[in-house]
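Hydrogens, waters and symmetry mates play no part in the numbers below; they use all other heavy atoms, side chains included. Protein chains get the first letters and strands the later ones, always in sequence-line order, with residue 1 at the start of each. The model shown is predicted, which means the values in this text are computed figures rather than measured ones.
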Number of protein chains: 2
Amino acid sequence: MLTERQLLILQVIVDDFIESAHPVGSRAISKKEHIPFSAATIRNEMADIEEQGYLEKTHSSSGRVPSEKGYRYYVDHLISPAGQTHKGNVISHMLKDGFFEFEQIVQMSAEVLSELTNYTSIILGPELFETKLKQVQLITLSAHTAVAILVTNTGHVEHRSFSIPAEVNPSDLERMVNILNTRLHDVPILKLQEIFNTEIAAMMKMYVEDFDRSYDYLKAAFLSDHPVKLYIGGKSNILRQPEFNDVDKIRSFFTMMDKEEEIISLLKHTDHGINVSIGKENEVDAIKDFSLITSSYQLGDGQLGTIALLGPMRMEYKKVISLLNIVSNEMTDALYMWYKNNE
Amino acid sequence: MLTERQLLILQVIVDDFIESAHPVGSRAISKKEHIPFSAATIRNEMADIEEQGYLEKTHSSSGRVPSEKGYRYYVDHLISPAGQTHKGNVISHMLKDGFFEFEQIVQMSAEVLSELTNYTSIILGPELFETKLKQVQLITLSAHTAVAILVTNTGHVEHRSFSIPAEVNPSDLERMVNILNTRLHDVPILKLQEIFNTEIAAMMKMYVEDFDRSYDYLKAAFLSDHPVKLYIGGKSNILRQPEFNDVDKIRSFFTMMDKEEEIISLLKHTDHGINVSIGKENEVDAIKDFSLITSSYQLGDGQLGTIALLGPMRMEYKKVISLLNIVSNEMTDALYMWYKNNE
DNA sequence: ATTAGCACTCGCTGCTAGAGAGTGCTAACA
DNA sequence: TGTTAGCACTCTCTAGCAGCGAGTGCTAAT
């Protein structure tokens, strides 16, 4: 167990190290105004704290650095839930703007988050397995080309252009769209493929001449690829962190950031509220000396998306946590409004 | 003037350096099979070549490295136009696929180009000042929300969701869209803003009640931000190049890549064919020790887009040039087909 | 004209010494 | 008994120096 004074010292060390990125020595601590103890006393305390695993040395005669356990304790017990609400205003303003497109807002939020923190921000769109198709529209641009537009109940819009082979009859096309609209309304996106292959195929065969060609084209146009959408902000902002002084670290970081699936799997927990993973607590090896802070936001219908900041273990937890709290709340609010309008 | 033999040596040096990234010494050159001269002879020649500015030393007793002038000469005169057509097939296949969306293809081309070369690829979409609006569609999703869809003559589709304030009358909205469709057909995108502010405003005042609100919303929805679209592939692939051993270089590179406008201005020449800018030949300071190779592709109606590869001066010019040639031709072909279908 | 030989230059590696920052321990102190 | 001053010790970091290797330029011989 740590004494009061040890907690104070631990807090000072973590705060200081988060700010400076340099190991913290006893003398430096004793110089702070709210620390009335001598360097020697602090040395003794530090040895105790280290013994309990909250601190580490980078080498035998260096100052102390928080261990993962130290960060964990700091995050769990030593952070006062400071409310710097002024930071939220930037994003609040963005989101309160009457009209908006979901994706644009998310992308901007990601950029702003990264800009405010100098870490890399990641936002995971709503998980599509709850998302349902709301409406299908087909706009023909010419005799040979058309745009298919899919609108989901979350307000997400996707378009896809495709060319219409000469053999396909325009009236067939229209009939097909009607079929789609009737049958696919309120169908979960993830079940599209299945329904296409069974019911739709059957229905179409009845109504549409030259079934095969039309079917293939339409199917390709409608079944797009991404199940979840990922928004990353400020991949390069993180280079401002002093821990990125090592070229290999940069390389491995960027290599990891290119692997979308890995990142998605990392964020795909749907707990409510803030979640902090420090160092090896992360399941993915590639970020075993990073910290990842995630928060969830909610769509109008209760679905969850994830919003996260990835940075060095020496992260400004206090700032980041309150910021993420604000942003996820703002997003939830804004999306609730949007959803109500859309209903 | 350089003699035959000096040209041969220059070529060997550039080739070798491009491959190895190490300064090339006289002994190494004399060892190559097709070089029957001794190291001493080569030293003499190298001194001459350096005197004429085609080579440099990194320090007084180092091997030689091509100067910018050397690269320039190499590119202009020493590259045999090798036709490695097999590389083109990858992209050819992608593009020949019957249906496609312009943006998807471009993005994929960018990725593939970068993957094949380990440089960063940049593709500039068609310049919109020639692009004209073809059709406007408004799909209402609910009483309060709608999607505006703009289709251009290049087949580019843009959508924008916005909410409809309660005060706006649905029939007004419909009337507005009709007005837009009549008046804006074939209007260049760049003139949209202007026309909105004058003619459209005037016409709408006549037909539409509660003009002000409707107008603002529609305007905001229609005048989107990006005049040209930029596709970047493999920003992090370039980290594989040995010249990126320096953290500062990496930082400045990524900082530059974040400035879209700068990159656009860099590529906004519309010469036909391949263009190589070496080192300080580039107008932007940030890439004064990079080489930029651009090529143009053509849209069906003659508009130009730009496709480029950005890498170290020590670039595999031969490979890159032939690759860019192939890709830009493939893209031009594919887009011509698309355009004909769309007409 | 070409080449072998040689002195010279420069970067790189490894070694050493000294300075600086920090620790742990001991002994003195309140 | 808890706190502190003092001191020896440890470790990193930097500068300086020597030796090696790769490469050059020049000279003299072929």
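- Between I264(B) and E261(B), the closest side-chain pair of non-hydrogen atoms is not below 4.5 Å.
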Would R5(A) and E45(A) satisfy salt bridge (Lys or Arg N to Asp or Glu O under 4.0 Å), going step by step from the backbone distance to the final call? CA-CA 8 Å; R5(A) 193 166 68 184; E45(A) 295 289 35; 2.7 Å; yes
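- Here the side chains of L309(B) and L292(B) are not in contact, with every heavy-atom distance at 4.5 Å or above.
- For the segment residues 44-65 of chain B, the set of residues with a heavy atom within less than 4.0 Å of an atom of DNA chain C comprises N44(B), H59(B), S60(B), S61(B), in numerical order.
- A donor-acceptor contact under 3.5 angstrom links the side chains of S114(B) and N237(B), judged on distance only.
- Taking every side-chain heavy atom of R43(B) into account, dC6(C) is the closest of dT3(C), dC6(C), dT23(C).
- Atom-to-atom, CZ of R27(B) to P of dT24(D) comes out at 11 Å; the value is rounded to the nearest Å.
- In terms of position along DNA chain C, the nucleotide closest to A28(A) lies nearer the 5' end than the nucleotide closest to the other residue of the pair A40(A) and A28(A).
- Between the P atom of dG2(D) and the CZ atom of F37(A) lies a distance of 14 Å, rounded to the nearest Å.
- Distance CZ (R5(A)) to C1' (dT1(D)): 12 Å, rounded to an integer number of Å.
- Using a 3.5 Å distance cut-off with no hydrogens or angles, the side chains of S328(A) and S295(A) do pair a donor with an acceptor.
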Would you please test K69(B) and E50(B) for salt bridge (Lys or Arg N to Asp or Glu O under 4.0 Å) and show each step? CA-CA 10 Å; K69(B) 188 175 170 188; E50(B) 181 177 2; over 6 Å; no
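- Between F290(B) and F244(B), the ring planes lie tilted relative to each other; the angle falls in the 30° to 60° range.
- Residues T255(A) and S252(A) bring no donor and acceptor atom of their side chains to less than 3.5 Å of each other.
- Within residues 9-23 of chain A, no residue has any heavy atom closer than 4.0 Å to DNA chain C.
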